[in-house]
Amino acid sequence: MRTTRATPARPLLITALALTATGSLLLPPHTAGADPRPVTREKAGPGSGPGSEAGAAKSPVGTARRSLTAPVTDLAAADATRGYPRRQVLSPDPEDPADKSVRLGLTPYHSIAPELNALQALGDRVSVEVAGRSAGGRRLYLVTVTAPETARQTRTQERMRELIENAPATAAKDRSLRAGYKTPVFFNNNIHGNEWEGTDASLALIERLATADDRHTRELLAHSRLYFNITANPDGRIAGTRANAGGFDLNRDFVTASQPETRAMRQILIDKQPAVMLDLHGYVNGTLIEPTTPPHGENYEYDLFLKNTYANALGMEAAVNGLGHTPAKDGVQPAQIPFRDQEEGWDDWPPIFTPQYAAFHGTVAAHTVEIPLQVNNAAYTSLPESELRRRAAINVDVAGAALRATLDFVRARRSSLIADQIEVFRRGAAGAAQVPVSEETVPGVPGIGPEDVYTTTFPRAHVLPAGTTATARLVDHLIANDVRVTRAAHSFRLGGRTYPRGAYVVDLRQPKRGLANALLADGRDISDKVSVMYDISGWSLGRLWGAEVNAVRGGSLTGVTLRPVTGAAAVGSVAPYGDLRLRLDDPSAFAALNSLLRDGVRVRRAADGSAIVPASARARAVALARTHDVSFTATALTGTTPLHRVRVAAAVTSGELLALREMGFEVTPVSTAVVNAGFDWSSVDVLFVSSGLNRAALTGPARTALDTFLAGHGLVGRGTGGAALGTGAGLLDVTAVQGNEDANGVVRVVNSGPVTAGAPDHGFVYAPVWFTGLGAGVRVEQSYATGAPLVSGHWRALADGSGGPAAAAGRPSVVSAPRAVLFGTEPLFRDHPKGEFPQVAQALLTMAHASSGLVEESG
């Protein structure tokens, strides 16, 4: 069992201690610092409370459109028709002197295309493909470095790759595969835009590999394919921001894949199936090299992952330390491996990070590497250019050492890496038990203890009854993640329940069972395992996406006729006559409704909350049913309240902004600064606030204008920021109680009001809030379940016993009044919990029509 410190001491303190120990009083000109615990929660940052601009998203509509629709390149199809090299001449991008890379002496984005053209011209080893485009519309470059291949040889490589995944037991015995398959290796750079240096280290390595004629290089390229995602986040690289142009942290997006850059990386992992990968980040001094601290992802084959990831980490550590950088000379601390050197605080539990997601696609050595010297954020603006360039050069040096050490690791262990990848897929296909880690099962890794053992019992299958928009969305998402989905040709009985013909079945005896189960299962409450988590701890698509998902623990699929599907069957339909009813129980239904309202169709709202569409709009309904896969059913209802288009002013996070636009709302981003500058409130119908708009920080005229608007319109608020505005403006009398800010996960809820009517009985929380002291006229729309509301995730009470799930149990989580609705949950979090979106949409619709008397009628 590890007995080292729980988290590393602060770098400045370490530096001071090291210098004192050596008797030196000479500090470097600017002592290098970095965040020793690289946790970046959406609410984090100085002044992130209700008065802060932090989190007030303002990305343009175009980024949302690309986020929702931008395709990615089918790289597997390209593999089937072409050999290597695959040369192309890339057109240049306009020069951008404002590119934040320039001040660091690093490669600006506009220089990448010319440099890649030059690298391709150096010989026959370098190929460039465009894997997709960013949310900002910029090209994403995938570079392949390998020995030349004919088209026939490439097809042979592709057949071997498919054999490894699709018939792993056969692949394990295939001598020609062992001798001839090229080990795929993936280097992912610059996923956080203001962590630049991986790009430059990779470009330098590609240049060396393009021309080197030593035996080791020739051997490496003859037996490997090296894939470099040159910059995963060109928008952020240019702007000097962690996020992309849509405001998203791409290294939190792999479960949801809301962004085009994430979908491009996902496709690379599926199509290239790397056995080894590095994700280059910054900045932690000394360099952090995965594997991580507990808890470890329970759905992947952690014994194989730990064996290889730890071995490569040792090689990278030696290479980084071997560069000769020291605390006294240049402010660089020795590298550290969290699994060995820390107890907790930097885990690999959720598959939202690139290496953890990659593990489900057969990557058996996967690393986040945090290079040492901070050059972003405050350091970027406060330090002189010479110091920034000194640090950046050292960071490139460190990143290059990690890359080169990984290539040495691959060259030395090629056969065993592929054998372990095959074993990952074999266990899944065979339904074999996981192997718990121990000193016996993972020899050579010191300090393994019971705190490192995380396994799960896989269900026999997950069954999804068909027929809803939510189910179709989820099935398509599973297939996009390379999860195998089948459909029943006849009704069948499994696990004591009968399912109808057409039900979708996700058989857990498949190569990527870990990913299938990670996405669909409830997850687990790990609050008692560690004191703090690095990021989210619960994410279940089965509970949060609005589709019925049944985990079947036992039974046999023998005799059940199941047919593979490549996409969900369409469920959208329109009744052939009469007025039409649209149930507003899905994000796509609201997208269809908002399209009708923008077109001026006279839609009315029924007492049950559904939308009544006149027969005269049938042709438009047919088009929307096809576009959004929603159903318009025949109805005798006429509706009671006319609806109009809803224009939303929103001071919200990037995930919330995208979710609102995904549902078709017309959204104008606002913030304290925007309102103080003189916002035109006549241009909107309702205000939605979660962060970035503080009533107390408004000027007198701006506050008067806001209060005047809210006197005749409505507010939807989320979290303490939204509650502060609602109570400050006198819209409702409640007290918002902030729970443990580190808590997050899937919770059980009880719906009791019109805003949440028909909503799922589970929600998502992230720094949960509940409400007390409800005054006159305040309605409870939803409450946390009594008992133990947390289903999966991490939620502990604070040291004084407050702020935990017991304190929240039975308390209101959503409340409303005639002019306000407040959410204590996170129904739009990072554009993820699709099944929760309609609650916010219903609240916006209700508040936008507050002056018409709709609130009173609904109540």
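Side chains of F688 and V840 form a contact here, defined as non-hydrogen atoms less than 4.5 Å apart. Counting heavy atoms from C-beta outward, T73 and Q267 have side chains that stay 4.5 Å or more apart. Contact annotation: the side chain of S134 approaches that of D235 to within less than 4.5 Å [non-hydrogen atoms, C-beta and beyond]. Considering only heavy atoms from C-beta on, L584 comes within 4.5 Å of L845 through its side chain. Residues P459 and V552 form no side-chain contact, since every pair of their non-hydrogen atoms from C-beta on lies 4.5 Å or further apart. With contacts defined as side-chain heavy-atom distances shorter than 4.5 Å, the pair L693/S671 does not qualify.
Relative to the six-membered ring of Y504, R487 meets both conditions, a distance below 6.0 Å and an angle of at most 45° to the axis.
A salt bridge does not link D507 with R484: none of the charged nitrogens is closer than 4.0 Å to a carboxylate oxygen. Note on R473 versus D629: no salt bridge recorded, every NZ/NE/NH1/NH2 to OD/OE distance being 4.0 Å or above. R645 and D685 are not joined by a salt bridge, as no carboxylate oxygen comes within less than 4.0 angstrom of a charged side-chain nitrogen. Classification of D522 and R543 as a salt-bridged pair holds, one side-chain N sitting under 4.0 Å from a carboxylate O. For the pair E662 and K834, the salt-bridge criterion is met [side-chain N within less than 4.0 Å of a carboxylate O]. Taking 4.0 Å as the cut-off between side-chain N and carboxylate O, R497 and E548 count as a salt-bridged pair. A salt bridge links D599 with R620: the closest approach of a Lys/Arg side-chain nitrogen to an acidic carboxylate oxygen falls below 4.0 angstrom. Salt bridge status for R618 with D579: absent, with no side-chain N to carboxylate O gap under 4.0 Å.
For the 3.5 Å distance criterion, the side chains of Q839 and T756 fail to qualify, holding no donor opposite an acceptor. Residues N244 and Q259 have side chains that bring a donor and an acceptor to within less than 3.5 angstrom of each other. In this model, a donor atom of one side chain and an acceptor atom of the other lie less than 3.5 Å apart for S573 and S631. Side-chain contact, R563 with T486: no donor N or O sits under 3.5 Å from an acceptor N or O. T668 and R647 share no side-chain donor-acceptor pair at under 3.5 Å. Side chains of T641 and R605: no donor on one and acceptor on the other come within 3.5 Å. Using modelled atom types and a 3.5 Å distance limit, the side chains of R583 and T468 yield no donor-acceptor pair.
Annotation: H713 is not in aromatic contact with W681 [ring centroid separation under 6.0 Å not met].
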Would you check, one step at a time, whether the test salt bridge (Lys or Arg N to Asp or Glu O under 4.0 Å) holds for R266 with D482?
-> CA-CA 9 Å; R266 178 179 70 185; D482 204 31; over 6 Å; no
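The distance from atom CZ of R581 to atom CZ of F632, rounded to the nearest 0.5 Å, is 12.5 Å. To the nearest 0.5 Å, atoms NE2 (H628) and OG (S588) are separated by 7.0 Å. The CZ atom of F665 lies 5.0 Å from the CG atom of L844; values are rounded to the nearest 0.5 Å.
Applying the side chain to side chain contact (heavy atoms under 4.5 Å, CB included) test between E656 and each of R830, E826, R661 identifies E826 as the sole match.
Residues satisfying the ring-ring contact (aromatic ring centres under 6.0 Å, His included) test with F590, not counting sequence neighbours, are none.
With hydrogens and angles disregarded, a donor-acceptor distance shorter than 3.5 Å links the side chain of R598 to the backbone of G664.
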